[in-house]
Student: 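Just dropping this structure here.
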Amino acid sequence: MLDPKLLRADPRAVAENLARRGFVFDVAIYAELEAERKAVQSAAESLQAQRNTLSKRIGEARQQGEDAAELMAQVSDLGDQLKSRQVALGLIRQKLDAWLIGMPNLLDPEVPDGKDAKDNLELRRWGEPADFDFEPLDHMQLGERWGLIDTEQAAAMSGARFSVLQGELALLHRALTQFMLDIHTRGHGYQECYVPYLVNAASLEGTGQLPKFREDLFALDGEEHFLIPTAEVPLTNLLRDTILEASDLPWKKVAHTPCFRAEAGSYGMDTRGLIRQHQFEKVELVLAVRPEESEAALEELTLHVEVVLKELGLPYRVISLCGGDIGFAAARTYDLEVWLPSQKTYREISSCSNFRDFQARRVKARFRPGPEEAPQLLHTLNGSGLAVGRTLVAVLENHQCEDGSVRIPECLEPWMGGVTRLGAAE
RNA sequence: GGAGAGGUGGCUGAGCGGCUGAAAGCGCUCCCCUGCUAAGGGAGUAUGGGCUAAUACCCCAUCGAGGGUUCGAAUCCCUCCCUCUCCGCCA
């Protein structure tokens, strides 16, 4: 949520900023609503103040055995007026809240201009895509050849966009998550968390998935619960209604969870393979920092994620999302894209964002800068470190050999039970 | 799922229609005293909103959440949520 005070103080600047995302903010209508709110609110509050003092006087009069009938009549009259003002205020508040909750975050000045993915800005590349002297297979061809990946059985029990992994492929999948968790906990200082996979609507509002993106979610129980689309939701909600001490910062959490996405509106896209599934595993990093540190924290977070790709020997690039492509709640986002030989292109494998105080305001996540000082909103950030399914795809495709086997990166050795090569047996 | 008890400030815990934004204790901050330690004395210590140059006043709201009764609700009534105890069920 944006700062309502900023919206009042400088609505034009807000409108200009949001226009870079292609979002239209009607300043005039907002100003009108806001003026109405102000008038009705101060009227209601001064009536309340009057009522409070008169009621207090009734109590005092009673105690001294005086007759309070006249005072009571007065207050009763006030009460009716007050009621109508409060109803009016409630309605205006509702309208303003609905408006506010539907407004995306302000963009950082560094966010590149542009209207879609074509306008994203490449920041850097790492690694050299392998120069195969044979025609590289895609991950499905590799997996199916070994009989270790099966989308037909998954389709039979669940439908499209699900998959079954077996044997050494399932092992590799598990090894990847363990490897990622260990890097971030032992290497980067994140605390591991186990969290609920079912959350309520308020939690999803806190991170920005609701109310606007309901169609991307799987709902249960008549929409009382939703399957999490990312661990960002439960992790960020750990901060709900809390005031951290300065000594608790930076606050760094990591969780490995399944993620569930309806993928509405993506029909026809990536229908083959594991790239776009309704259910996938992800290791997610979430951090909360002091406002003045969030910019640096985004750089650091991105580096933490890059370590995983480097260790796995996967060529990637980092891009800065443009105004038209960046997510609703983010002020700035770096996507990490991994090289996929079968597609001869880079594909998203992680997204690292600075939300500034946008989510913090929604979940009321604050910290106390110093003793005796007033609480202040935190800045939240998160990044995938990484999407496990897509990492599996990237490992298979980038480390394949001419005989159709796949070399397992050395860093996974502790979890692979001696398996150093997939599909080498035949 | 059944029966009962309960949800009050950072914590413990009083209050059960007006004098209570909330006793008392603990904790924390500052000051005083004490040669050190221990003890002691005093002051302060919620959050959000409005107004504002102001993190100064003042005003409004908040005692799990939402409704209701009343001139007035932490206190009475209704609904919901959560916690605890016992029973049942269960990985």
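Throughout, a chain's letter reflects where its sequence line sits, starting with A, and its residues are numbered from 1. Quick note: numbers below take in every heavy atom, side chains included, and nothing from hydrogens, waters or symmetry partners. The model shown is predicted, which means the values in this text are computed figures rather than measured ones.
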Student: Nearest whole Å is fine: how far is A61(B) P from Arg85(A) CZ?
Tutor: 16 Å

Student: Please give, in whole Å, the distance from G50(B) P to Arg93(A) CZ?
Tutor: 8 Å

Student: Side-chain polar contacts of residues 197-206 of chain A - donor-acceptor pairs under 3.5 angstrom, sequence neighbours left out - could you list them?
Tutor:
unit_1	atom_1	unit_2	atom_2	d
Asn200(A)	OD1	Ala202(A)	N	3.4
Asn200(A)	OD1	Ser203(A)	N	3.0
Asn200(A)	OD1	Ser203(A)	OG	2.9

Student: If you check every side-chain atom of Asn52(A), which of U47(B), C71(B), A61(B) has the closest atom?
Tutor: A61(B)

Student: Is it true that Glu306(A) and Tyr316(A) share a donor-acceptor pair across their side chains at a distance under 3.5 Å?
Tutor: yes

Student: For nucleotides U69(B) and U79(B), find the distance between their C1' atoms and express it as a whole number of Å.
Tutor: 15 Å

Student: What about Arg62(A), does its side chain sit under 3.5 Å from the base of G18(B) through a donor-acceptor pair?
Tutor: yes

Student: Return whichever of Gln376(A) or Lys38(A) has its heavy-atom-nearest nucleotide of RNA chain B closer to the 5' end.
Tutor: Gln376(A)

Student: Look at Arg366(A) together with Asp241(A) and state whether they make a salt bridge at an N to O cut-off of under 4.0 Å.
Tutor: no

Student: With rounding to the closest Å, how many angstrom separate the P atoms on A46(B) and C57(B)?
Tutor: 12 Å

Student: Nearest whole angstrom, please: distance from the C1' of G21(B) to the NZ of Lys56(A).
Tutor: 11 Å

Student: Please list every donor-acceptor pair under 3.5 Å in which a side-chain atom of residues 228-235 of chain A meets a protein atom from a residue at least two apart or in another chain.
Tutor:
unit_1	atom_1	unit_2	atom_2	d
Thr230(A)	OG1	Glu232(A)	N	3.0
Thr230(A)	OG1	Lys282(A)	NZ	2.8
Glu232(A)	OE2	Gln359(A)	NE2	2.8
Glu232(A)	OE2	Asn382(A)	ND2	3.4

Student: Say we look at A74(B) and G13(B): how far apart would their C1' atoms be, to the nearest angstrom?
Tutor: 14 Å

Student: What nucleotide among A61(B), C51(B), U47(B) has an atom nearest to a side-chain atom of Gln48(A)?
Tutor: A61(B)

Student: Going by salt bridge (Lys or Arg N to Asp or Glu O under 4.0 Å), Asp270(A) matches just one of Arg390(A), Arg276(A), Arg161(A). Which one?
Tutor: Arg276(A)

Student: Looking across every strand, which nucleic acid part, if any, lies under 4.0 Å from Arg361(A) by heavy atom: base, sugar-phosphate, or nothing?
Tutor: nothing

Student: Does Arg8(A) reach a base, just sugar-phosphate, or nothing at all? Heavy atoms under 4.0 Å.
Tutor: sugar-phosphate

Student: Whole angstroms only, please: what is the CZ-P distance between Arg51(A) and A73(B)?
Tutor: 6 Å

Student: Can you tell me how far P in G4(B) sits from the matching atom in C90(B), rounded to whole Å?
Tutor: 24 Å

Student: So, Glu70(A) and Gln74(A): side-chain donor and acceptor under 3.5 Å apart, yes or no?
Tutor: no

Student: Taking the C1' atom of each, how far is G64(B) from C82(B), in whole Å?
Tutor: 7 Å

Student: Does the gap between the ring centers of Phe328(A) and Phe358(A) come in under 6.0 Å?
Tutor: yes

Student: If you assign Ser42(A) and Pro375(A) each to the RNA chain B nucleotide with the nearest heavy atom, which residue ends up on the more 5' nucleotide?
Tutor: Pro375(A)

Student: Nearest-Å distance, CD (Gln50(A)) to C1' (G72(B))?
Tutor: 15 Å

Student: Would you say Arg57(A) places a side-chain N or O within less than 4.0 Å of OP1 or OP2 belonging to G18(B)?
Tutor: no

Student: Round to a whole Å and report the spacing from CZ of Phe367(A) to P of U55(B).
Tutor: 17 Å

Student: Whole-Å distance between A65(B) P and Asn200(A) CG?
Tutor: 16 Å

Student: Contact class for Lys364(A) vs. all strands (heavy atom < 4.0 Å): base, sugar-phosphate, or nothing?
Tutor: nothing

Student: Nearest whole angstrom, please: distance from the C1' of C28(B) to the CD of Glu373(A).
Tutor: 15 Å

Student: With sugar-phosphate meaning primed atoms plus P, OP1 and OP2, does Ala49(A) contact a base, only sugar-phosphate, or nothing at under 4.0 Å between heavy atoms?
Tutor: sugar-phosphate

Student: Wobble G-U and Watson-Crick pairs count when both distances are under 3.5 Å; given that, what is the 5' to 3' dot-bracket string of RNA chain B, with | for pairing to other strands?
Tutor: ((((((((.[[[..)..(.....]]]((((((.......))))))(((((.......))))).[[[[[..)....]]]]])))))))....

Student: Salt bridge check, Arg356(A) against Asp108(A): does any charged N sit closer than 4.0 Å to a carboxylate O?
Tutor: yes

Student: How far, in whole Å, is U47(B) from G9(B) if one measures between their P atoms?
Tutor: 13 Å

Student: Quick one: which of C71(B), G49(B), U69(B) gets closest to the side chain of Lys83(A)?
Tutor: U69(B)

Student: Would the distance check show the side chain of Asn398(A) and the main-chain N or O of Ala394(A) forming a donor-acceptor pair, the cut-off being under 3.5 Å?
Tutor: yes

